[in-house]
Amino acid sequence: MTDSEQGQREPTGPTGPTDRARIERYDPTAIEPRWQARWDELGLYETDLADTSRPKFYLLTMYPYPSGDLHIGHWYIKTPTDAIARHRRMNGFNVFYPIGFDAFGLPAEGAAIKHNIHPAAWTMKNIENMRRQLRSMGATFQWSAEVVTASPEYYRWNQWIFLKFLEAGLAYRAKAPVDWCPNDGTLAREQVVGVERRCWRCAALVEKRDLEQWFFRITKYADELLDFGGIDWPEPIRVQQTNWIGRSEGAEVVFSSAPGKELPGGDEIRVFTTRPDTLFGATFLVLAPEHALVDRLTAADHRSAVDAYIAQARRQTEIERLSTDRPKTGEPLGADAINPVNGERIPIWIADYVLSGYGTGAIMAVPAHDERDFAFARQFGLEIREVIRPAQVGTNAPESALAAAYVSKTASDRLVHSGRYDGLSVPDAIREIVADLATQGVARATVGYRIRDWLISRQRYWGTPIPVVYCPTDGIVPVPEADLPVLLPEQVDFKGSGESPLKTDHAFLDVPCPRCGGPGRRETDTMDTFIDSSWYWYRYLSPHDSAGPVDRAIADRWTPVDQYTGGAEHAVMHLLYSRFFTKALADLGLVSEREPFKRLFNQGQILGSDGERMSKSRGNVQDPDELVARYGADTVRLFLMFMGPWDQGGPWSPTGIGGVHRFLNRVWTLTLDAHGREPGDPDAGRLPEGEDPTAAERAIRMAAHRTLRAVSEEYESFRFNTMVAHLMELANALFRYRGTDVAGGPAWDEAIQLLLLMLAPAAPHVSEELWARRLASTGAAWSSIHSQAWPVVDASAIADETREIPIQINGKVRDKITVPVGTPEAAIERLALDRPRIVELLAGRGPDRIIHAGGRLVNIVVRG
RNA sequence: GCCGAGGUGGCGGAAUCGGUAGACGCGCUAGCUUCAGGAGCUAGUGUCCGCAAGGGCGUAUGGGUUCAAAUCCCUUCCUCGGUACCA
């Protein structure tokens with residue numbers, strides 16, 4: 001593997017300017033494939049899951065969607081993760097680092113319709129190409145554990161899990177609105193274009209349509225999902241999940257419809273409120289336009305206006321509906337409701353800012369104490385009645401028109417205009433009003449959540465078929481476990497419409513009912529692909545197990561995942577669904593752990609040079625193959641780590657990649673040609689001013705071990721950009737000693753060895769090559785650099801003898817002094833005040849105050 | 001709109017414990033060198049004033065706290081991610 005002629009290389013000496021032909025040039029294209037093949041051959045990264053001699057480390061990177069445009073963004077996500085894998089191995093861990101493909105999904109169907117290629121063919125072709133590209137990274141993925149979610153071997157277990165969920169009451173069917181195009185059926189949000197909301201294919205106007213669909217009961221776990229105990233996740237993700245779940249304590253209060261011209265009244269209208277203390281301020285009721293009672297409560301003379309309003313509301317997105325910066329809209333139904341707290345009649349409206357999916361789909365409006373209700377009341381001239389007053393104002397203060405809603409609810413606020421509850425504090429009022437209404441059976445304390453159950457149905461072909469059959473006799477009948485998988489039919493007809501071809505595929509559709517044997521019809525909806533990604537890390541551990549989705553014994557040993565890396569864009573969907581799944585699987589007795597990922601890191605996203613997300617259609621994709629061909633994988637890996645903080649991402653620009661390549665060239669030169677000298681350096685071959693060989697060696701050791709200290713921490717905390725910068729600094733420092741008397745000596749040698757070891761996880765090929773050449777040059781037997789132990793810092797090498805201390809006057813640095821470490825503050829102060837520059841600048845003004853920042857800095861404060 | 005993140009030289013970024021702003025790299029400038037290459041090496045490079053010494057200014061914006069603020073608090077503006085059928 002290593003070049004045998006290395007042993008015969010002529011001994012070098014301080015022989016003057018380099019003959020650059022003497023050492024081979026760094027040629028990554030020759031080195032990299034050779035080592036990749038060798039690592040494969042040796043099975044260096046095949047993890048023995050049964051090995052318990054070392055601590056386990058399950059490293060997971062979010063598996064890619066095989067979109068066919070593997071771009072530099074995939075490298076940005078995966079090569080630093082590979083560096084983590086290699087670094088953990090050097091630190092003695094048994095590392096499992098698998099890879100797979102999230103192979104179901106919408107883009108494959110888009111390609112099918114557009115290019116007349118089958119989704120499966122398109123997907124598999126893309127996977128083939130991506131496998132090759134992923135291998136070119138030199139990453140240590142364990143390919144033998146690969147998972148492809150579109151294979152029946154994988155998705156049959158989606159179906160199996162679905163059946164378990166159904167049995168456990170975690171799966172159910174209900175109506176839910178979808179974006180609907182009359183020609184192309186259900187549309188994803190990205191298929192609805194423009195402010196007019198038209199279909200991407202036929203430009204028809206899109207509207208909401210209610211369909212019977214399948215749900216998973218994630219809300220059952222809402223409270224447990226709010227608890228992040230025992231997992232080390234970034235604060236922003238925890239905050240986003242917490243807000244997404246949106247727990248709020250409040251009460252459900254029952255209003256009833258008032259008798260009117262057309263109706264006897266007495267219909268129950270349930271509202272959810274977090275502010276039952278403001279019930280006396282409720283001056284109207286607002287229902288979601290989709291609310292079940294709207295039709296019944298609408299008076300004849302309001303019917304046409306109400307219908308028109310509902311129609312336009314069904315063309316809005318929720319984002320539009322919830323936007324608070326557009327004018328409020330709504331319609332009165334021409335009916336009243338009765339407030340249970342005081343028997344008052346208040347008008348009932350519908351408005352799109354009330355959503356049917358949150359709470360009860362109806363609210364009591366308290367314009368004085370809710371911003372949206374306030375805006376609505378202003379818009380339509382409805383009464384605004386103040387019922388909470390801040391303590392400072394006092395409950396007897398004269399009334400004045402509110403300029404804005406007063407929404408705070410501190411314990412010092414008091415109720416006004418609230419009958420016998422006047423003067424109570426907000427918390428007391430909440431308790432008492434709810435208690436009183438509860439005794440009449442018209443209220444109960446309850447908890448509301450913003451999160452909704454997970455709609456898993458997709459009216460799509462390219463996904464996991466939902467394993468149920470509809471039977472006219474037996475209703476919804478689960479497919480028996482023994483009949484799994486329900487295979488996705490391969491021969492289907494894409495009619496050039498967005499409608500799922502399963503809907504018209506009779507070979508698929510027409511099946512006997514598993515229960516009665518009579519004619520049945522298969523479910524044609526497939527599953528959300530987030531189901532695939534909600535448990536795939538378990539499958540990696542036993543990818544071919546035909547007895548169950550998870551091998552419990554292996555899973556118990558290897559999960560939770562120790563480190564998960566992926567994008568923050570998954571904060572509230574994939575990362576929340578995965579937590580839900582883990583808890584549900586644990587309750588089903590399939591796994592033991594209740595959290596999937598012990599530690600999470602969100603790397604940033606690489607955008608196109610135009611600042612947009614990279615995609616083929618935008619034409620802003622950077623192909624990594626080109627860069628690899630030109631610079632080699634190591635340079636690309638290192639450049640991506642060097643670009644900036646890993647959690648930041650940003651627009652792609654190859655500017656600066658040459659600098660990283662130059663750095664690797666310098667490491668190459670330092671390792672193979674310690675004694676060479678460069679013309680152009682006037683000091684070549686001479687030790688730095690004032691350094692004898694002993695001092696020079698000490699300086700080299702200090703530089704190497706300080707770098708090791710910094711780099712070790714930076715690998716641990718994934719600060720790869722500064723890690724690379726520190727390695728560059730060390731290389732620069734060593735370059736100053738190249739060609740001098742200490743070059744090639746013991747300190748130099750140690751520094752080179754450390755440099756290569758530190759570089760190994762990030763730039764695995766060149767470090768392996770140079771490592772092999774070093775071993776060969778000393779006649780030592782080869783062993784991979786990636787099997788070496790991570791080096792240990794020699795504390796004695798890095799100890800400081802002196803320290804530079806900046807001297808500030810009024811916070812501005814005016815001078816610096818260098819003192820022995822441990823110099824007492826009083827002595828530093830004296831030295832500082834004696835400096836001629838300081839004396840001059842003080843100009844006789846006595847210091848008013850002198851601040852010592854722990855011996856790191858002196859600040860002399862003078863006034864006037 | 002709402003939730004989350006971010007804004008520092010010509011550019012990517014460093015300083016993450018409130019304590020020397022600009023590490024490291026790109027680019028640029030000058031010099032050296034010549035297996036003349038998209039090569040290598042050395043030095044300089046925030047900005048304004050200045051021959052220099054040195055000084056003024058400076059971390060999106062405006063304010064505040066502090067001996068001291070890129071860092072903490074408040075205002076405003078801009079960019080990115082998510083917003084439940086993209087993954």
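Order of the sequence lines fixes the chain letters, A, B, ..., with proteins taken first and strands second; residue numbering starts at 1 for each chain.
With a cut-off of 3.5 Å on both pairing distances, the Watson-Crick or G-U wobble partner of rC11(B) is rG25(B). Base pairing annotation: rG31(B) forms a Watson-Crick or G-U wobble pair with rC41(B), both donor-acceptor distances under 3.5 Å. Across all strands shown, rG1(B) forms a Watson-Crick or G-U wobble pair with rU83(B), both key distances being under 3.5 Å. Figure legend. rG54(B) is base-paired to rC49(B); pairs are counted as Watson-Crick or G-U wobble with both atom distances under 3.5 Å. The base-pairing partner of rG19(B), taking Watson-Crick or G-U wobble contacts with both distances under 3.5 Å, is rC67(B). Pairing of rU61(B), defined by two Watson-Crick or G-U wobble distances under 3.5 Å, is not identified with any nucleotide.
The nearest whole Å value for the distance from the CD atom in Glu190(A) to the P atom in rU83(B) is 11 Å. The OH-C1' distance, from Tyr577(A) to rU83(B), rounds to 11 Å in whole Å. Between the P atom of rC3(B) and the CE atom of Met573(A) lies a distance of 19 Å, rounded to the nearest Å. Asp184(A) has its CG atom 19 Å from the P atom of rC85(B), to the nearest Å.
Taking every side-chain heavy atom of Glu569(A) into account, rG82(B) is the closest of rU83(B), rA21(B), rG82(B). In this structure, of rG4(B), rC67(B), rC85(B), it is rC67(B) that holds the atom nearest to the side chain of Ile851(A). Closest to the Ala725(A) side chain, of the nucleotides rC85(B), rA23(B), rU20(B), is rA23(B). Checked against rC85(B), rC67(B), rA5(B), the side chain of Arg849(A) finds its nearest nucleotide in rC67(B).
Counting any heavy atom pair closer than 4.0 Å across all strands shown, Thr186(A) reaches a base atom. Across all strands shown, Leu106(A) has heavy atoms under 4.0 Å from sugar-phosphate atoms exclusively, and none from any base. Base contact: Glu804(A) has a heavy atom under 4.0 Å from a base atom. At a threshold of 4.0 angstrom between heavy atoms, the contacts of Trp244(A) include nucleobase atoms, whether or not backbone atoms are also involved.
The base of rC2(B) lies outside donor-acceptor range of the side chain of Gln240(A), with no N or O pair under 3.5 Å. One donor-acceptor pair, N or O on each side, does fall under 3.5 Å between the base of rC86(B) and the side chain of Arg613(A). Residue-to-nucleotide contacts include no donor-acceptor pair under 3.5 Å from the side chain of Asp681(A) to the base of rC41(B). The base of rG7(B) has none of its N or O atoms less than 3.5 Å from a complementary donor or acceptor on the side chain of Gln648(A). Side-chain to base pairing of Arg460(A) with rC85(B): one donor and one acceptor N or O lie within less than 3.5 Å of each other.
Using a 90° window around 0 for the glycosidic torsion, rG12(B) falls outside it and is classed as anti.
Within the structure, a side-chain polar atom (N or O) of Asn732(A) is placed less than 4.0 Å from OP1 or OP2 of rG25(B). Taking only side-chain nitrogens and oxygens, Arg189(A) never comes nearer than 4.0 Å to OP1 or OP2 of rC85(B). Contact check, Asn859(A) against rG19(B): no side-chain N or O comes under 4.0 Å of OP1 or OP2. Regarding contacts with the backbone of rG13(B), every side-chain N or O of Arg719(A) stays at 4.0 angstrom or more from both OP1 and OP2. At the phosphate of rG55(B), OP1 or OP2 sits under 4.0 Å from a side-chain N or O atom of Arg814(A). OP1 or OP2 of rU83(B) has not a single side-chain nitrogen or oxygen of Arg452(A) nearer than 4.0 Å. At the phosphate of rC57(B), OP1 or OP2 sits under 4.0 Å from a side-chain N or O atom of Lys812(A). An OP1 or OP2 oxygen of rC85(B) is reached within less than 4.0 angstrom by a side-chain nitrogen or oxygen of Arg458(A).
Shown here is Arg719(A), whose CZ atom has more than 12 heavy atoms of other residues, nucleotides or ligands within 6.0 Å.
Judged by a 6.0 Å distance limit and a 45° cone about the ring axis, Arg450(A) is positioned over the six-membered ring of Trp244(A). Remark: Arg452(A) is not positioned above the aromatic ring of Tyr358(A), lacking an NZ or CZ atom under 6.0 angstrom from the ring centre and at most 45 degrees off the axis.
Here the separation of rC11(B) from rC28(B), taken at their P atoms, is 15 Å to the nearest Å. With C1' as the reference atom, rC41(B) and rG58(B) are 34 Å apart, rounded to whole Å. rU76(B) and rG82(B) are spaced 24 Å apart, taking the C1' atom of each and rounding to whole Å. Distance noted for atom P between rC17(B) and rC85(B): 39 Å (whole Å). With P as the reference atom, rU16(B) and rG6(B) are 16 Å apart, rounded to whole Å. Taking atom C1' on both nucleotides, rA23(B) is separated from rC57(B) by 22 Å, rounded to a whole Å.
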Inset, instruction - Please test Arg706(A) against Asp800(A) for salt bridge (charged side-chain N to carboxylate O under 4.0 Å, His left out), starting from the C-alpha separation and ending with a verdict. - result: CA-CA 11 Å; Arg706(A) 284 199 168 170; Asp800(A) 261 318; 2.9 Å; yes

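By the 4.0 Å N-to-carboxylate-O rule, Arg738(A) lies close enough to Glu678(A) to be salt-bridged with it. By the 4.0 Å N-to-carboxylate-O rule, Asp815(A) lies too far from Arg837(A) to be salt-bridged with it.
Rounding to the nearest 0.5 angstrom, the gap separating the CE atom in Met723(A) from the CE atom in Met728(A) is 10.0 Å.
Smallest separation of non-hydrogen atoms from Ser653(A) and Thr655(A): OG-OG1, 2.9 Å.
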